[in-house]
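In what follows, a single structure is set out as structure tokens and then discussed.
Letters A, B, ... mirror the listed sequences (proteins, then strands); counts begin at 1.
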Amino acid sequence: MISLAGRDIMHSLGKFIFTGMGLGLLIGVTLSMAGIYRGLVDDGKALLDNSGADLWVVQQDTLGPYAESSNIYDNAWRGIRSMPGVARAASVTYFTMQVHKEDQDVRAMVTGIATGDPGTPGWPPYLVAGRQITRDHYEAVADIATGFKLNDRIRIRRNLYTVVGLTRRMVSSGGDPMVFIPLKDAQQEQFLKDNDAIRQQRRRTAENPAFNQPQMPGLLDAIIASQSTNQYVNAVLVQVEAGQDADKVADTIRRWKRLTVFTRAQMEKILIGKLIATSAKQIGMFLVILSIVSAAIVAFIIYTLTLGKIREIAVLKLIGTKNRTIVGLIMQQSIALGVIGFVVGKITATLVMAPIFPKYVLLEPLDSVIGFGVVVMICMISSIIAIRAAMKVDPAEAIGG
Amino acid sequence: MTGKGIRIEGLKKRYGSGDTAVDALTNVNMQVSPGEVVGLIGPSGSGKTTLLKCLGAVIEPTAGRMILGDEIIYEDGWKVNDLRALRRDRIGFIFQAPYLIPFLDVTDNVALLPMLAGKPNAEARSRAIELFKALDVEHRARAMPSQLSGGEQQRVAIARGLVNHPPVILADEPTAPLDSERALAVIRILNNMARKFETAIIVVTHDEKIIPTFKRIYNIRDGVTYEEAGEGRAFT
Ligand SMILES: Nc1ncnc2c1ncn2[C@@H]1O[C@H](COP(=O)(O)OP(=O)(O)OP(=O)(O)O)[C@@H](O)[C@H]1O
Ligand SMILES: [Mg+2]
């Protein structure tokens, strides 16, 4: 026996490849959407991995520092450091903002990291060029995705920083590249008001008789000084000692400090379950819609192709072809269309779409396998309308009137 | 009367029921022997196509009897279980238009039938080629149907009707699109094939060019057949 489906496809190969390519672009978009979701998850995990922390200590009852704002005193780390099971603890600040270089600017997550040795929690774990920050002020390590180069002078708010090192794939959960600066500077930048605001605050403070007491010289200056320093950080990152159970250490910190502590697993749940949940749902909706559109297109194409073969199907039935063979003819064509579409889709997603998307697109092999299965399923289901039409064809039609 | 060929006795076919019922066949009696080609003629609406569809086992008669070879295939209901296999193995069809499958080449259009009957591809194809030699289309064996002339397509369609060596061939206006010379050529081929393969062939036709060639004609009027002697004129 010969393959009727194969012969039909070869006979109208151009039509098949053309429609397959159209379908392929749609499948490519679908795979890219899935890749964007995977990219979001991966960005979140990269953020957690790169922080080098086992525990995140944040403001009480917040989901900080990535999902909610969190402020804790910048000396909290000392107390945490002395808790049993804690190997290292370091303060960290995060704020996302525009970082300027000459007249361009880049959206980046500016991360304030504590001074210390390499390996201090919060520090970029490896550099692709240059060195870590060694001075207390005005040095920066930037992710290469910012486009900055070594020795670039970048401006954060009103201060200039020199890029001394470059990292790779250090991103926020939103996919913004990170720029590391010394903690002290970061606290300043986060707190910094513009000159008018500072002047106005001084004036208001001076107008308050409680602060401006002639018998206590120096009080006003002290108050103003305290107002313009930031004693807060967003979180304390903790590494537990080798062999210690992170959950137990977290419990100890919770018990002794009025702070909220998250483990790595909890943090992942927050990032993936809460922070990117809306984006994930949105992508999920897109996937559903794209699947429906693909199914509709396959159904329509296969139905049209089948209607164009009604006479041949009647003849085939008249000369004794089994229904199974005719169902096979239609279904195999449908699947062939799906396979062409999938191959084209996979190629466009990998070579064309993923590189041009601004966010990280992670094309997981498993997703491709699942995607392939779904495409084949959709094609089989979509061919049902055409198969029903073919089953209704009366062999008597071949004899005519 | 031999037990071979095809025999139809008192066949009736009613379409629909009640007030809208149409009695398309009221009393059809026919007998065609192996090797014989008979004409089936009659005015429009007389029941020719209906009879062909009954014989072709695509619609069910209402009453009567149809005997194929030694076997009763219809008597108050079908007597064979697998009508599909009956059509495939024991009835050949030739239509007014060739109705070739456009995505199969000429050989596979014909070889498909023995393949459907379970014959190996090589054997099915060599059977087709054998017929092409007899029908003088051998040189077009690897062409696609769309590359053939109308007459060549019709000869391929005849080969398709013959390839499983069915005891009966039903031809519905097989010469309608052909000019007089080609039409006669088709009839000549059908006669040769009928003799060669011991086939009973029924040709439904309006075609004045070929009617004189039949030795026997069934004339059908209002669903009743009348046997007539034909001119049996030589067509060579
Ligand atoms: N499916 C059907 N349902 C109801 N009536 C039908 C059906 N098919 C045919 N008829 C009727 O049966 C009668 C015989 O029709 P049939 O098609 O057999 O005629 P015919 O001899 O082939 O005519 P023609 O030469 O025009 O093709 C006609 O009156 C026709 O209207
Ligand atoms: Mg008719």
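With respect to chain A, the highest number of heavy-atom pairs below 4.5 Å among B:Arg88, B:Met115, B:Arg84 belongs to B:Arg84. When each of A:Asp394, A:Leu4, A:Thr325 is checked for heavy-atom pairs under 4.5 Å with chain B, A:Leu4 comes out on top.
Counting all heavy atoms, side chain and backbone alike, B:Lys53 lies closest to A:Ala396 at CE-O, 3.6 Å.
The 12-atom threshold is not exceeded at CZ of B:Arg14, counting heavy atoms of other residues, nucleotides or ligands nearer than 6.0 Å.
Looking at B:Phe95, the atoms closer than 4.5 Å to chain A (heavy atoms on both sides) all sit in the side chain, from C-beta outward. With a 4.5 Å cut-off on non-hydrogen atoms, B:Arg125 touches chain A through its side chain but not through its backbone. Within the 4.5 angstrom heavy-atom criterion, atoms from both the backbone and the side chain of B:Leu116 approach chain A. Looking at B:Leu86, there are no atoms closer than 4.5 Å to chain A (heavy atoms on both sides), in backbone or side chain.
Contacts with chain B (heavy atom to heavy atom, under 4.5 Å) involve these residues of residues 280-314 of chain A, listed by number: A:Lys309, A:Arg311, A:Glu312. Of residues 316-323 of chain A, those residues with a non-hydrogen atom less than 4.5 Å from any non-hydrogen atom of chain B are, in numerical order, A:Leu316, A:Lys317, A:Leu318, A:Ile319, A:Gly320, A:Thr321, A:Lys322, A:Asn323. The interface of residues 382-391 of chain A with chain B, defined by heavy-atom distances below 4.5 Å, is empty.
Looking at residues two or more places apart in sequence or on another chain, you find a side-chain contact (heavy atoms from CB on, under 4.5 Å) between A:Leu13 and A:Ile9, A:Met10, A:Ile17.
The backbone N or O of A:Met1 lies less than 3.5 Å from a partner atom in the side chain of B:Asn121, making a donor-acceptor pair. Remark: the backbone N or O of B:Pro102 is paired with a side-chain donor or acceptor of A:His11 at under 3.5 angstrom.
Under the 4.5 Å side-chain criterion, counting only non-hydrogen atoms from C-beta, A:Val315 is in contact with B:Arg160.
Distance check, rounded to the nearest 0.5 Å: CD1 of A:Ile399 to OG1 of B:Thr50 gives 10.0 Å.
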